[in-house]
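Written out below as structure tokens is the structure these notes cover.
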Protein chains: 2
Amino acid sequence: MDTPLPRDAGVAAWKQIADALEAGIAAGRPGPGERLPTEAQFAARFGVNRHTVRRALAALAERGLIRSAQGSGSFVEAAPLRYPIGARTRFSEIVSGAGREAYGDLIAATEVPAGAALAAALGIAAGAPVLEMLTRHRADGTPISMGRACLPLPRFAGIDRAYAEAGSLTRAYAAFGVTDYRRLETRITARPADAAEAALLELAPGRVVLVTESVNLDQHGVPIQATRSQFAADRVELVVTG
Amino acid sequence: MDTPLPRDAGVAAWKQIADALEAGIAAGRPGPGERLPTEAQFAARFGVNRHTVRRALAALAERGLIRSAQGSGSFVEAAPLRYPIGARTRFSEIVSGAGREAYGDLIAATEVPAGAALAAALGIAAGAPVLEMLTRHRADGTPISMGRACLPLPRFAGIDRAYAEAGSLTRAYAAFGVTDYRRLETRITARPADAAEAALLELAPGRVVLVTESVNLDQHGVPIQATRSQFAADRVELVVTG
DNA sequence: TCGCATTTGTGCGTATGTATC
DNA sequence: AGATACATACGCACAAATGCG
């Protein structure tokens, strides 16, 4: 053991270990995505039982700093993606601006009649057809968010195919004459992920999603999209400036 | 039973009940804070077993629409407080603007040396003294948020007493020559509440907190406060405009 | 302070229909 | 076709918390 723990300091051993590991991770040792030493190695280094190490690791895992995989090891989670929320929020720009590769999946697209709340948000008649698109967004392969976007339908018929090809909503809009769009306001809530969200976002059960709801307007101020997105709360940090 | 359920519709009975109750709550029957009929009454009304009713209620409780209390009944939760986040975020103004009564509790105030990150945020030397204030905020008696605010210390010595008297940070600042303050940026994350947070916010275990971190500047652009707040995610809706 | 009725929480067992292998 | 697993629904009993007289 290279760092014997003060056992009479009134601080639990697992807490001291957790703090030490957290400080190391904050300093980049090991860096994001890298593997931590095995539990047995930690036990030997700190001169404690492996159970004590496991408790420390569990504390870090619960806070989303690391992720433990049976048979594989414990890994440092990537630093949360800094995700600015504002009038010109664009997933692809944010992710590539962070030096990571953005990718958008189209999970499903169906035509449904608009409910009352949705119709009001889009400024259309209740029951009018909308295109409901289920999407998922990744940065460097890790799922960041998923969302349900509803677009008024006579206007954007077929945009699901354009989106599936382009992988970016901004580029798909361009093919439909939307040169620019902006967001009116964003409402943010949070709750535990349900089963479907956990599966799509590759989340451990019990993890949390940040839910954002917003309406986008085109360059003429016409509503073109009502969106509800779920972000893996461990993997992003929504940033509001101003 | 006054509304026999269609049992061969391919929709689970508990789901139909949950939808019916949700529609009623959305229409204000019963209204926020009011008690729902008992499980036995629902079971009789819909002609199902109490377990089936319980499943419907559990679905609503999980979404934060209702709250069940053993021995007491199930109650409709208040609609989430619309909480705008921006440069001029003020708890008391937001709450009173929503027609509810704002109240701030000072839980504790201690003098501690600033850590590296905190010192950088406040533009002071690492290890310099700061006043750490633990506060809790209520609207109409229900806890909305709690927070840890750190203020640089030679300047704001004694502000904890002013805050405890005034119940509002804005008013306490005024006594220290801060006529106006604004927020640079707010970082938002979310996670399950820990035991201390659940206790202070009167949350059921497993519920979620929205965590916001921000730095406030006074009218001259000098950092006067670094804050981390935890909001009961079921009781607020953070709103970003622009 | 005590006891009791009310109400939700929990556990057990049973039966049924529906996917899936 | 058979076996298995799973979600749904029902019935009964009791525990635990609350509110009230």
Side-chain angles (χ1 to χ4, degrees), chain A residues 70-71 107-108 110 112 134 136 146 148 191-209 230, chain B residues 1-80 136 138-144 192-209 232-235:
Chain A
Q70 192 174 60
I107 310 282
T110 50
V112 295
L134 252 70
R136 177 173 50 177
M146 55 180 284
R148 189 201 64 158
R191 55 175 171 74
D194 65 26
E197 291 158 355
L200 272 174
L201 294 174
E202 295 170 17
L203 288 174
R207 301 271 67 184
V208 174
V209 289
Q230 288 92 275
Chain B
M1 55 172 122
D2 58 9
T3 49
L5 297 175
R7 298 305 285 271
D8 49 0
V11 179
W14 67 265
K15 178 71 172 140
Q16 295 181 53
I17 295 172
D19 290 345
L21 296 187
E22 182 180 351
I25 290 170
R29 298 186 317 271
E34 289 179 20
R35 197 169 82 173
L36 290 157
T38 70
E39 296 173 353
Q41 285 172 326
F42 277 133
R45 180 196 301 180
F46 292 110
V48 298
N49 190 275
R50 191 166 75 95
H51 280 303
T52 310
V53 174
R54 284 185 60 73
R55 174 138 194 200
L57 294 178
L60 298 184
E62 188 176 356
R63 294 175 40 204
L65 266 73
I66 67 168
R67 170 183 40 87
S68 296
Q70 187 173 154
S72 177
S74 295
F75 300 84
V76 177
E77 289 279 17
R136 177 174 49 179
R138 296 170 179 273
D140 279 350
T142 35
I144 297 294
D194 65 28
E197 291 159 353
L200 272 174
L201 294 175
E202 296 170 17
L203 287 175
R207 301 270 68 182
V208 174
V209 289
D234 296 329
R235 313 212 254 258

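All values below come from the heavy atoms of this structure, side chains included, with hydrogens, waters and symmetry mates left out. So that the names make sense, note that chain A is the first sequence line, chain B the second, and so on, each numbered from 1. Quick caveat, the model's predicted, so the values are computed rather than measured.
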Look only at the side chain of [X] and the backbone of [Y], and say whether a donor-acceptor pair between them is shorter than 3.5 Å.
X	Y	answer
Arg136(B)	Leu200(B)	yes
Arg235(B)	Thr142(B)	no
Glu62(B)	Ala59(B)	no
Arg55(B)	Ala13(B)	no

- prompt: Do the non-hydrogen side-chain atoms of Phe42(B) and Leu36(B) ever get within less than 4.5 Å of each other?
  reply: yes
Mind calculating the distance between [atom1] ([X]) and [atom2] ([N]) to the nearest angstrom?
X	N	atom1	atom2	value
Leu57(B)	dT10(C)	CG	P	14 Å
Arg67(B)	dT18(D)	CZ	C1'	13 Å
Trp14(B)	dG17(C)	CH2	C1'	17 Å
Gln41(B)	dT6(C)	CD	C1'	11 Å
Arg54(B)	dC12(D)	CZ	P	17 Å
Glu39(B)	dC10(D)	CD	C1'	15 Å

task: Classify the nucleic acid contact of Arg55(B) as base, sugar-phosphate or nothing, counting any heavy atom under 4.0 Å across all strands shown.
output: sugar-phosphate
- prompt: Quick one: salt bridge (Lys or Arg N to Asp or Glu O under 4.0 Å) pairs with a partner in residues 13-25 of chain B, sequence neighbours left out?
  reply: Lys15(B)-Asp19(B), Glu22(B)-Arg63(B)
Just the table, please: protein N/O against nucleotides 13-16 of chain D N/O, every pair under 3.5 Å.
residue, atom, partner, partner atom, Å
dA16(D), O4', Gln70(B), OE1, 3.3
dA16(D), N3, Gln70(B), OE1, 2.8

- request: Using the closest heavy atom to pick a nucleotide of DNA chain D for each, name whichever of Ser72(B) or Lys15(B) lands nearer the 5' end.
  value: Lys15(B)
query: With respect to the phosphate group of dG11(D), does any side-chain polar atom (N or O) of Asn49(B) fall under 4.0 Å of OP1 or OP2?
result: yes
